[in-house]
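Quick note on labels: first sequence line is chain A, next is B, and so on, each numbered from 1. As a basis for the values below, the full set of heavy atoms in this structure was taken, side chains included, without hydrogen atoms, waters or symmetry mates.
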There are 2 protein chains.
Amino acid sequence: MREGPDIARIASLVGDPARANMLSALMGGTALTASELALEAGVSLPTASSHLSKLMEGGLLTLASQGRHRYYGLAGPQVAGMIEAITGVAASVGPQRVRQGPRDSAMRVARVCYDHLAGEQAVAMLDRFVEKEIILRNDQEIRLGPSAASHFAAIGIDVDAKPRRPVCRACLDWSVRRSHLAGTLGAAILDKILAQKWARREKDSRAVIFSPPGKQAFEKVFLA
Amino acid sequence: MREGPDIARIASLVGDPARANMLSALMGGTALTASELALEAGVSLPTASSHLSKLMEGGLLTLASQGRHRYYGLAGPQVAGMIEAITGVAASVGPQRVRQGPRDSAMRVARVCYDHLAGEQAVAMLDRFVEKEIILRNDQEIRLGPSAASHFAAIGIDVDAKPRRPVCRACLDWSVRRSHLAGTLGAAILDKILAQKWARREKDSRAVIFSPPGKQAFEKVFLA
DNA sequence: GCGACGTTTCGACCGTGCTCGAACCATCGA
DNA sequence: TCGATGGTTCGAGCACGGTCGAAACGTCGC
């Protein structure tokens with residue numbers, strides 16, 4: 001009989017379809033209300049509420065009360081990373097539910113992954129960084145190249161600020177099955193894309209829709 | 001209703017205590033038989049067999065038949081990484097089951113984590129590498145320093161060989177709550193420790209026991 | 001060939017936990 | 001103070017899945 005952290009408890013929390021759907025929805029990075037999550041998971045409000053209290057008790061969610069709205073969000077990057085890891089395994093062992101990647105083609109092109117960009121666009125962007133040696137890649141392991149600081153400074157992103165999270169991390173893209181850029185750098189780039197209004201978040205989805213001029217601008221800056 | 005990889009299916013496989021125990025046992029890196037896993041999980045043989053076939057069907061395990069013995073092992077590093085991620089979350093949100101880290105003090109000192117060394121010794125080793133700038137760390141993100149190749153070559157480990165897996169990865173240690181060294185470099189170091197007979201694997205456990213001269217040799221080479 | 005051993009399959013039992021309707025609370029706007 | 005809306009709690013129903021004993025299966029030693 002093994003000891004140590006109660007991994008079955010955590011895994012079983014994610015192991016229910018309704019809760020898994022909620023957690024996937026929260027991978028969008030924005031906190032959601034109980035009713036939104038109930039809709040997302042396809043269950044009634046009481047059921048959703050029960051699930052949410054279980055996820056709270058398990059420490060997987062945080063709760064921010066604002067008046068009569070209660071916003072649930074992922075408890076942090078560690079939890080997001082776990083969901084990502086499970087998603088990766090699920091994608092690689094079971095391509096049975098959906099042909100290849102997300103059904104929605106917009107999702108396949110570009111979507112939010114917790115706090116950074118994922119999808120074909122994101123994979124292409126990382127590839128381009130590697131080609132230009134702004135980022136150095138050794139398979140799954142990536143790091144900033146010597147020219148990274150000046151390159152990103154030129155477009156208004158500071159990679160020298162050293163927060164608690166890694167600046168530059170690889171994140172396996174489950175639709176394309178290749179890596180894209182995560183970490184604070186990935187988050188900063190997504191912020192820029194949205195701040196410049198090059199793209200907007202699709203309502204009730206993780207999809208990120210580029211406007212035609214936005215797409216051009218994005219490609220000029222990040223894929224040139 | 002969300003689409004995409006069936007994450008609930010995978011998570012619920014890990015979410016059963018018996019199966020979680022089996023998977024934890026297999027994190028030791030060696031393949032085990034059905035009876036060993038039944039013992040490990042504390043269930044009867046038929047029950048264990050049923051669980052194993054579910055894990056197989058879910059793609060989490062591989063099976064190697066050798067005569068009348070059937071050895072089950074983790075399906076690969078991706079699966080191991082997922083278990084690690086879940087263990088990390090479980091350790092950080094719920095220190096309720098066991099005071100602090102593994103009950104067995106030997107486990108706390110040194111143990112196997114899939115294919116590399118974990119525990120206090122492993123954390124100390126990575127710290128020392130960082131101190132000597134053989135490995136460069138930016139929080140969770142680590143990479144080889146310029147002197148790494150020559151340093152490890154001197155002790156018979158080649159870090160230039162580039163296999164499919166990352167050479168150098170950080171892995172959060174759930175007993176110490178700090179990172180230790182994973183990746184092929186971590187695996188190579190564990191191999192060396194066992195090949196040199198500095199330490200032996202504890203039977204039926206992930207614990208790694210150093211002999212007194214072995215400990216000295218290890219400290220001389222890796223902690224000096 | 002025939003026992004011995006490791007492993008899987010079958011069948012039946014039982015409990016955990018998911019589910020929803022209805023009632024109950026709390027917060028906001030008039 | 002009163003309705004309206006967002007959210008939780010309670011209770012009962014129900015099904016899925018974990019559990020084990022007994023039996024069947026396959027492989028190895030003699």
Side-chain angles (χ1 to χ4, degrees), chain A residues 1-2 6-26 30-73 94 203-204, chain B residues 1-2 6-26 30-73 94 97 204:
Chain A
M1 207 78 92
R2 310 231 126 230
D6 195 348
I7 122 175
R9 189 173 118 83
I10 301 301
S12 68
L13 281 175
V14 189
D16 175 84
R19 286 193 293 259
N21 282 333
M22 292 175 172
L23 291 169
S24 294
L26 291 173
T30 51
L32 299 172
T33 65
S35 3
E36 290 170 320
L37 287 165
L39 195 70
E40 198 70 54
V43 294
S44 74
L45 238 158
T47 304
S49 182
S50 150
H51 285 309
L52 288 169
S53 63
K54 276 169 191 158
L55 289 170
M56 283 296 295
E57 200 180 352
L60 266 48
L61 298 184
T62 53
L63 175 57
S65 292
Q66 286 181 15
R68 56 181 166 182
H69 293 273
R70 314 189 68 182
Y71 290 94
Y72 290 93
K203 178 79 176 158
D204 294 333
Chain B
M1 207 78 93
R2 311 230 125 231
D6 196 347
I7 123 175
R9 190 174 116 83
I10 300 301
S12 68
L13 282 174
V14 188
D16 176 82
R19 286 193 293 260
N21 283 331
M22 293 176 170
L23 291 168
S24 294
L26 291 173
T30 52
L32 299 172
T33 66
S35 2
E36 291 171 319
L37 287 166
L39 194 69
E40 198 69 54
V43 295
S44 75
L45 242 157
T47 304
S49 182
S50 149
H51 285 308
L52 288 169
S53 63
K54 276 169 191 157
L55 289 171
M56 283 295 296
E57 201 181 351
L60 265 47
L61 298 185
T62 53
L63 176 57
S65 291
Q66 286 182 18
R68 56 181 165 181
H69 292 273
R70 314 190 68 184
Y71 290 93
Y72 291 93
R97 275 182 69 184
D204 294 333

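Rounded to whole angstrom, the span from the CG atom of A/Leu39 across to the P atom of C/dC20 amounts to 13 Å. Atom C1' of nucleotide D/dT8 and atom CG of A/Leu61 are separated by 16 Å, given to the nearest angstrom. Spacing between atom CE of A/Met22 and atom C1' of C/dT19 amounts to 12 Å, rounded to whole angstrom units. Note: CG (A/Asn21) to P (C/dC18) measures 14 Å, nearest angstrom. Distance CG (B/Leu63) to C1' (D/dG26): 14 Å, rounded to an integer number of Å. Atom C1' of nucleotide C/dT7 and atom CG of B/Leu37 are separated by 13 Å, given to the nearest angstrom. Per the geometry, OH belonging to B/Tyr71 stands 13 Å off P belonging to C/dT8, to the nearest Å. As rounded to whole Å, 11 Å separates atom P of D/dG7 from atom CG of A/Leu32.
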Enumerate all atom pairs, one protein N or O and one N or O from nucleotides 3-5 of chain D, separated by less than 3.5 Å.
residue, atom, partner, partner atom, Å
D/dT5, O2, A/Arg68, NH1, 3.3

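B/Ile10 approaches B/Gly58 most closely through the heavy-atom pair CD1-O, 4.0 Å.
Using a 4.5 Å cut-off on side-chain heavy atoms (C-beta onward), B/Lys54 and B/Ser50 make contact. When side chains are defined from C-beta on, A/Leu37 does not count as touching A/Asn21, because their heavy atoms never get closer than 4.5 Å. The closest side-chain heavy-atom distance from A/Tyr72 to A/Thr62 is not below 4.5 Å.
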Give the table of side-chain donor-acceptor pairs shorter than 3.5 Å for residues 11-18 of chain A, with sequence neighbours excluded, one pair per line with atom names and distance.
residue, atom, partner, partner atom, Å
A/Ser12, OG, A/Ala8, O, 3.1
A/Ser12, OG, A/Arg9, O, 3.0
A/Asp16, OD2, A/Ala18, N, 2.9
A/Asp16, OD2, A/Arg19, N, 3.2

A/Leu63 and A/Leu52: CA distance, side-chain angles, deciding distance, side-chain contact (heavy atoms from CB on, under 4.5 Å) verdict: CA-CA 10 Å; A/Leu63 175 57; A/Leu52 288 169; over 6 Å; no
Would B/Leu55 and B/Leu23 satisfy side-chain contact (heavy atoms from CB on, under 4.5 Å), going step by step from the backbone distance to the final call? CA-CA 9 Å; B/Leu55 289 171; B/Leu23 291 168; 4.3 Å; yes
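Residues satisfying the side-chain contact (heavy atoms from CB on, under 4.5 Å) criterion with B/Thr47, sequence neighbours excluded, are B/Val43, B/Ser44, B/His51. Considering only residues two or more places apart in sequence or on other chains, B/Thr33 meets the side-chain contact (heavy atoms from CB on, under 4.5 Å) condition with B/Ser35, B/Glu36, B/His69, B/Tyr71.
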Could you run through nucleotides 11-25 of chain D and give me one letter per nucleotide, 5' to 3': B if any protein heavy atom sits under 4.0 Å from the base, S if only the sugar-phosphate is that close, - if neither? -------SSBBB---
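Close to D/dT8, at under 4.0 Å from its OP1 or OP2, lies a side-chain N or O of A/Arg70. For B/Tyr72, no side-chain nitrogen or oxygen approaches OP1 or OP2 of C/dG6 to under 4.0 Å.
Taking the screw axis at each terminus of the helix from C/dG1-D/dC30 to C/dA30-D/dT1 from five consecutive base pairs, the angle between the two is 30° to within rounding of 10 degrees.
In this structure, the side chain of A/Ser24 engages the main chain of A/Ala20 through a donor-acceptor pair within 3.5 Å.
A/Ser53 comes within 4.0 angstrom of no nucleic acid atom, judged by non-hydrogen atoms across all strands.
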